[in-house]
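One structure is given below, encoded as structure tokens.
In this chain, numbering begins with 1 at the start of the sequence shown.
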Amino acid sequence: MEQTIEPSIAILLIWMLVFVYSMAGSIDFGASFWAMLYNQKRSKAGQVANRFLSPTWEVTNTILVLLVVSTVGFFPKAAYMLGTVLLVPVSIILLLITLRSSFLVLSYSAGGSAKGLRIVSGMTGLFVPALLISALPVTEGGFIRETGGQIIMLFDKWLTSPSVYLYMLFGLASELFLSALFLADYSREANDTEAYAMYRRQAVWLGPVAIVAAVLTLVFLEPEAEWLLQRLSGQLKLFLFSMICFLIGYLFLWRGGRKIRLAIIFIFLQYAFATFAYGIAHLPYIVYPYLTVGEAFTNINTFYSLLKILGAGIALLLPGFLIFWRFFLKDKRYLQKQE
């Protein structure tokens with residue numbers, strides 16, 4: 001059967017959206033935790049996190065909607081299979097996101113002072129990323145069984161697998177590291193030296209923790225994922241670039257001041273190289289060994305129609321994102337206002 005380029009383009013777009021959402025979501029969900037933590041201590045760092053969260057969580061949800069719609073449109077079979085085997089965790093994730101969004105709205109309406117509302121949004125900010133990343137080992141093999149023509153999830157194995165919990169640890173460490181790094185720069189932009197020092201200090205120790213967690217995750221992959229480990233070894237150049245970017249970014253983080261902005265750029269490049277190295281190694285499987293990219297792909301007409309719609313949607317949203325960045329993340333009047 002002749003291979004076409006359309007499935008490759010589609011999976012590249014999906015993976016780009018996954019990366020963007022993982023970065024934006026990490027900062028957003030992590031900010032919820034820091035807001036909860038520092039509001040308990042009545043620190044200015046909590047006010048900075050509140051100020052960041054107020055407009056940004058809606059943007060993160062918009063990216064999630066784009067990701068879900070694109071996955072269902074480009075790879076309907078994959079969406080059906082993953083939605084079936086991950087029905088319970090996906091339902092919990094949707095419930096937690098809905099709960100978090102509702103409580104953020106209520107918390108903002110209450111003037112940012114409702115303690116219980118902040119605790120709920122902060123804790124859901126930890127649970128959602130952990131559950132999201134726990135889906136990755138399911139796609140690598142060993143957690144799904146075909147019985148009577150049906151694909152079922154082995155929840156007992158999933159709940160007791162060290163690999164799953166190491167993925168969660170890596171996700172949480174990355175979430176808190178990225179959010180602390182971004183909030184350090186956000187605090188510096190707001191001329192809040194106290195919050196800047198606190199977030200920079202958190203980022204300094206969380207960066208190495210995230211690296212160690214990533215290494216442990218690879219070391220303790222399930223035996224059924226040995227195929228993935230072998231293919232990851234073929235992406236050593238990308239992982240090397242990733243590590244170099246981390247070292248450069250961490251050096252800028254250590255120096256602090258205006259160098260924090262450069263630290264963010266290089267740390268994002270670090271995650272980009274590592275994410276795409278993992279994605280390339282995972283190909284051609286979406287769910288190993290049951291579903292490949294080619295098998296899950298929609299028909300050509302639907303692909304081009306959805307591609308046009310997606311392109312038009314992004315073209316409409318991009319100016320809004322740029323305006324949002326200018327007014328809510330760069331405007332000194334908003335950054336420095338008191339609560």
### Message
To the closest 0.5 Å, what do you measure between CD1 (Ile63) and CD1 (Ile314)?
### Response
10.0 Å
### Query
Can you check whether Ser70 reaches Leu13 side chain to side chain, under 4.5 Å on heavy atoms?
no
### Query
Between atom CD1 of Ile92 and atom OG1 of Thr124, what is the distance when rounded to the nearest 0.5 Å?
13.5 Å
### Query
Mind checking whether Arg231 and Trp227 have side chains closer than 4.5 Å, heavy atoms only?
yes
#### Entry: Distance in Å, Tyr165 OH paired with Trp158 CH2, rounded so as to fall on 0.5 Å steps
7.0 Å
## Note on the structure
The remaining residues in the hydrophobic cluster of Val219, counting side-chain heavy-atom contacts under 4.5 Å among Ile, Leu, Val, Met, Phe, Trp and Tyr, are Leu166, Leu169, Val212, Val215, Leu216, Phe220
### Task
Take atom CZ of Phe241 as the centre, draw a 6.0 Å sphere, and report whether it contains more than 12 heavy atoms from other residues, nucleotides or ligands.
no
### Message
Is there a side-chain contact between Leu154 and Ile144 in this structure, where contact means two heavy atoms from C-beta onward sitting under 4.5 Å apart?
### Response
no
### Query
Do Leu95 and Leu64 share a hydrophobic cluster (ILVMFWY, side-chain heavy atoms under 4.5 Å, transitive)?
no
### Task
Count the heavy atoms of every other residue, nucleotide or ligand shown that sit under 6.0 Å from CZ of Phe127, and state whether that count exceeds 12.
no
### Query
So is Lys157 actually on top of Phe143's ring, under 6.0 Å and inside 45° of the axis?
yes
#### Entry: Member of Ile211, Thr217, Val209 meeting the side-chain contact (heavy atoms from CB on, under 4.5 Å) criterion with Phe170
Thr217
### Task
For ring-ring contact (aromatic ring centres under 6.0 Å, His included), just list the numbers for Phe297 and Phe303, CA-CA rounded to whole Å, side-chain angles, deciding distance to a tenth of an Å, and then say yes or no.
CA-CA 9 Å; Phe297 185 65; Phe303 165 76; 5.5 Å; yes
### Message
So which atom in Leu66 and which in Leu17 form the shortest heavy-atom distance, rounded to 0.1 Å?
### Response
O-CD1, 4.0 Å
Result block: side-chain N/O donor-acceptor pairs under 3.5 angstrom for residues 262-282, not counting sequence neighbours:
{"from": "Tyr271", "atom 1": "OH", "to": "Ser174", "atom 2": "OG", "distance (Å)": "2.9"}
{"from": "Thr275", "atom 1": "OG1", "to": "Tyr271", "atom 2": "O", "distance (Å)": "2.6"}
{"from": "Tyr278", "atom 1": "OH", "to": "Glu140", "atom 2": "OE2", "distance (Å)": "2.6"}
{"from": "His282", "atom 1": "ND1", "to": "Tyr285", "atom 2": "O", "distance (Å)": "2.7"}
{"from": "His282", "atom 1": "NE2", "to": "Thr139", "atom 2": "OG1", "distance (Å)": "3.0"}

### Message
Strictly by salt bridge (charged side-chain N to carboxylate O under 4.0 Å, His left out), give each pair with a member in residues 169-186 just once, sequence neighbours left out.
### Response
Asp185-Arg188, Asp185-Arg261
### Query
Taking the side chain as C-beta and beyond, is there a heavy-atom pair between Ser134 and Tyr167 under 4.5 Å?
no
### Message
Under 6.0 Å between ring centres: does that hold for Phe33 and Tyr38?
### Response
no
### Task
State whether the number of non-hydrogen atoms from other residues, nucleotides or ligands found under 6.0 Å of Glu146 atom CD is greater than 12.
yes
#### Entry: Student check: side-chain heavy atoms of Phe252 and Ile260 closer than 4.5 Å
no
### Query
Above 12 or not: heavy atoms from other molecules or residues under 6.0 Å from CZ of Phe155?
yes
### Side-chain heavy-atom pair Gln202, Trp34 within 4.5 angstrom cut-off
yes
### Message
Is it the case that over 12 heavy atoms from other parts of the model lie below 6.0 angstrom from the CE atom of Met16?
### Response
no
### Task
Could you state whether Leu67 and Val20 fall into the same hydrophobic cluster, counting links through intermediate Ile, Leu, Val, Met, Phe, Trp or Tyr residues with side-chain heavy atoms under 4.5 angstrom apart?
yes
